[in-house]
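Input: a single structure, listed below in structure tokens.
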There are 2 protein chains.
Amino acid sequence: MISIAIVEDIEEIREPIFEFLQTQKEFVVLFASGSVEEFFDTFDPELPPDIILLDIGLPGISGLGAIKLIKEKLPKTEIIMLTVYDDANKIFQAISSGASGYLLKNTPLEKIKESVIEVANGGAQMSSSIARKVFNYFNNNVSTDSEYSLTKKEKEIVAQIVDGLSYKMIAANLGNSIETIKTHAKNIYKKLHVNSKAEVVAKSMRGEI
Amino acid sequence: MISIAIVEDIEEIREPIFEFLQTQKEFVVLFASGSVEEFFDTFDPELPPDIILLDIGLPGISGLGAIKLIKEKLPKTEIIMLTVYDDANKIFQAISSGASGYLLKNTPLEKIKESVIEVANGGAQMSSSIARKVFNYFNNNVSTDSEYSLTKKEKEIVAQIVDGLSYKMIAANLGNSIETIKTHAKNIYKKLHVNSKAEVVAKSMRGEI
DNA sequence: CAATATCTACCACAAACGTGGTATTGTTTA
DNA sequence: TAAACAATACCACGTTTGTGGTAGATATTG
């Protein structure tokens, strides 16, 4: 019998999963929480769940941030992330933080069941499509790492993007035409595999440049 | 005897400090450079300075960017930032990058002397947690007018902005109309005193939200 | 020398963003 | 209970971005 807890803020997603898993003879669903904080208030330290289905985009402490917290307090509990995004970055962060599985929220209930059983039996649940994404993530961050090298000018521009300046202002600061800055920005985007200033800022501040 | 190096591009600032510190019996000023690059060319790896007085706004590699470089190569060297700005943000960045002190350029020479001695004796060691407090102190002084507290919904939206999503995608993820997301974004911008997604990302990743 | 990389700059067009409004429905709280 | 806040959503308009091109001027280097 596999004990499960669900942490998911959206009732429309949480409840169907809850109901379904509860009807399965292999499982006992201990409880479902709407946030990480609620989870920590609710769970019984004597009876930690075997598996936690954890939403990635929770209000307050995010699911991603919660992984480490949960792993610290409940080292034996396996975590399966639930998410609407199939973003390689998030998947990588989740897996490398200690999550054992990663499911999209539109995954059929039967598949969720299979995944839970697999993870409970010590197998890491990773579908081949997700495996590919994780692989690509590493590929992008290792092999591209050398090509991640921005030129001096490009780095200057990144710095000003991070400061929130418009291309017009950057052009004025660096004494270029706005079109020049846009050309550099295009090249930066290609090198970093992004397509917005916001992503450049995030990548830069994560130290990934 | 405390050994010191000065990295400051403006001669009118560098020289007086150099001259003054050299006359003090507690100090030996090894050399003064006009840039970080020059510093790395000049310094003797066998005789790393105890203290570096480092300008924050240097041409080429900025002082802020140099902190990590210096700390890597010279882990025992303490860094005191020199600056004309008393911008809480820059101070925070400097301190959290590993600088041990922060002096405005118009600080009286005697005060500079005191600070150097204090830092050399391990006194003004600032942990990153203290840095955050320092930062909060400045932050509270600057932004008394506005409540920085975002609502639950607003935080959700910020999270997705940080992930680089367009308003269209955010709307789809959260099940809202694009106009709703834009309205929330407007409110977020007002609360944070910004006017672009890139600035929201930067603020969020600096932990200022 | 020829290839490569960097920096410069322009055009054009669609998409997205930022900002000013207004307005309805609930919920919270002073 | 009236006021304030939170969340929803629409309109309109100008600005900014993002993306597809092309292309000349200088290094740099194999």
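Bear in mind that the values here come from a model prediction, so they are computed numbers and not experimental data.
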A:Glu199: partners by salt bridge (Lys or Arg N to Asp or Glu O under 4.0 Å), with sequence neighbours left out: none

Under the salt bridge (Lys or Arg N to Asp or Glu O under 4.0 Å) test, residues paired with B:Lys182 that sit two or more places apart: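 If we apply the salt bridge (Lys or Arg N to Asp or Glu O under 4.0 Å) test to B:Lys182, skipping adjacent residues, there are no hits.
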
A:Glu8 and A:Phe18: CA distance, side-chain angles, deciding distance, side chain to side chain contact (heavy atoms under 4.5 Å, CB included) verdict: CA-CA 10 Å; A:Glu8 160 67 58; A:Phe18 186 104; over 6 Å; no

May I have the distance from [X] (atom [atom1]) to [N] (atom [atom2]), rounded to whole angstrom?
X	N	atom1	atom2	value
A:Ile170	D:dG18	CD1	P	10 Å
A:Ile161	C:dC17	CD1	P	15 Å
B:Ile181	D:dA7	CD1	C1'	10 Å
A:Gln160	D:dT17	CD	C1'	17 Å
B:Leu174	D:dT8	CG	C1'	13 Å
A:Asn187	D:dA23	CG	C1'	14 Å
B:Ile157	C:dC17	CD1	C1'	15 Å
A:Ile178	C:dC10	CD1	P	11 Å

Whether [X] contacts [N] is assessed here as follows: a side-chain N or O lying under 4.0 Å from the phosphate OP1 or OP2. Is that the case?
X	N	value
B:Ser177	D:dC10	yes
A:Asn195	D:dT19	yes
A:Lys197	C:dA16	no
A:Ser196	C:dA16	no
B:Lys190	C:dT19	no

B:Asp163 side chain vs B:Leu165 backbone, donor-acceptor pair below 3.5 Å: no

N/O-N/O pairs, protein side and nucleotides 21-30 of chain C side, under 3.5 Å:
| residue | atom | partner | partner atom | Å |
| --- | --- | --- | --- | --- |
| C:dG21 | O6 | B:Lys186 | NZ | 3.2 |

Verdict with reasoning, A:Lys191 to A:Glu154, per side chain to side chain contact (heavy atoms under 4.5 Å, CB included): CA-CA 10 Å; A:Lys191 284 187 184 176; A:Glu154 286 166 349; 2.8 Å; yes

Validation row: A:Glu156, A:Asn173 side chains within 4.5 angstrom (heavy atoms):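 No. Closest side-chain heavy atoms not under 4.5 Å.
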
Side-chain touch B:Ile157/B:Leu150, heavy atoms, less than 4.5 angstrom: no

Identify which nucleotide among [options] has an atom closest to any side-chain atom of [X], counting heavy atoms from C-beta outward.
X	options	answer
B:Tyr189	C:dA12, D:dG18, C:dT19	C:dT19
A:Glu179	D:dC10, C:dC11, D:dT17	C:dC11
B:His184	C:dC7, D:dA7, D:dT17	D:dA7

Please list each protein N or O that sits under 3.5 Å from an N or O in nucleotides 13-15 of chain C, with the distance.
none

Geometric class of the A:Phe39/A:Phe43 ring pair [parallel <30°, tilted 30-60°, perpendicular >60°]: parallel

Which heavy atom of [X] sits nearest a heavy atom of [Y], and at what distance?
X	Y	answer
A:Ala120	A:Ile2	CB-CD1, 3.5 Å
A:Ala66	A:Leu54	CB-CD2, 4.2 Å
A:Arg14	A:Asp9	NH1-O, 3.6 Å

Touch class at under 4.0 angstrom, heavy-atom based, for A:Asn176 against every strand present: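 A:Asn176: backbone/sugar contact only, no base atoms under 4.0 Å.
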
Sugar-phosphate only, base, or nothing, as touched by B:Thr180 at under 4.0 Å among non-hydrogen atoms: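 Base: the residue B:Thr180, judged by heavy atoms under 4.0 Å, touches a nucleobase.
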
Position toward the 5' end of DNA chain D (nearest nucleotide), A:Tyr167 or B:Gly175: B:Gly175

Listed partners of A:Ser3 passing side-chain contact (heavy atoms from CB on, under 4.5 Å), at least two apart: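 Partners of A:Ser3 by the side-chain contact (heavy atoms from CB on, under 4.5 Å) criterion, ordered by chain and then number, come out as A:Val28, A:Leu30, A:Pro49, A:Asp50.
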
Criterion side chain to side chain contact (heavy atoms under 4.5 Å, CB included) on A:Gln24 and A:Val116, from CA distance to verdict: CA-CA 12 Å; A:Gln24 304 307 113; A:Val116 171; over 6 Å; no

Angle by which the axis turns from one end of the helix from C:dC1-D:dG30 to C:dA30-D:dT1 to the other, five pairs per end, to 10 degrees: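 Rounded to the nearest 10 degrees, the bend comes out at 50°.
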
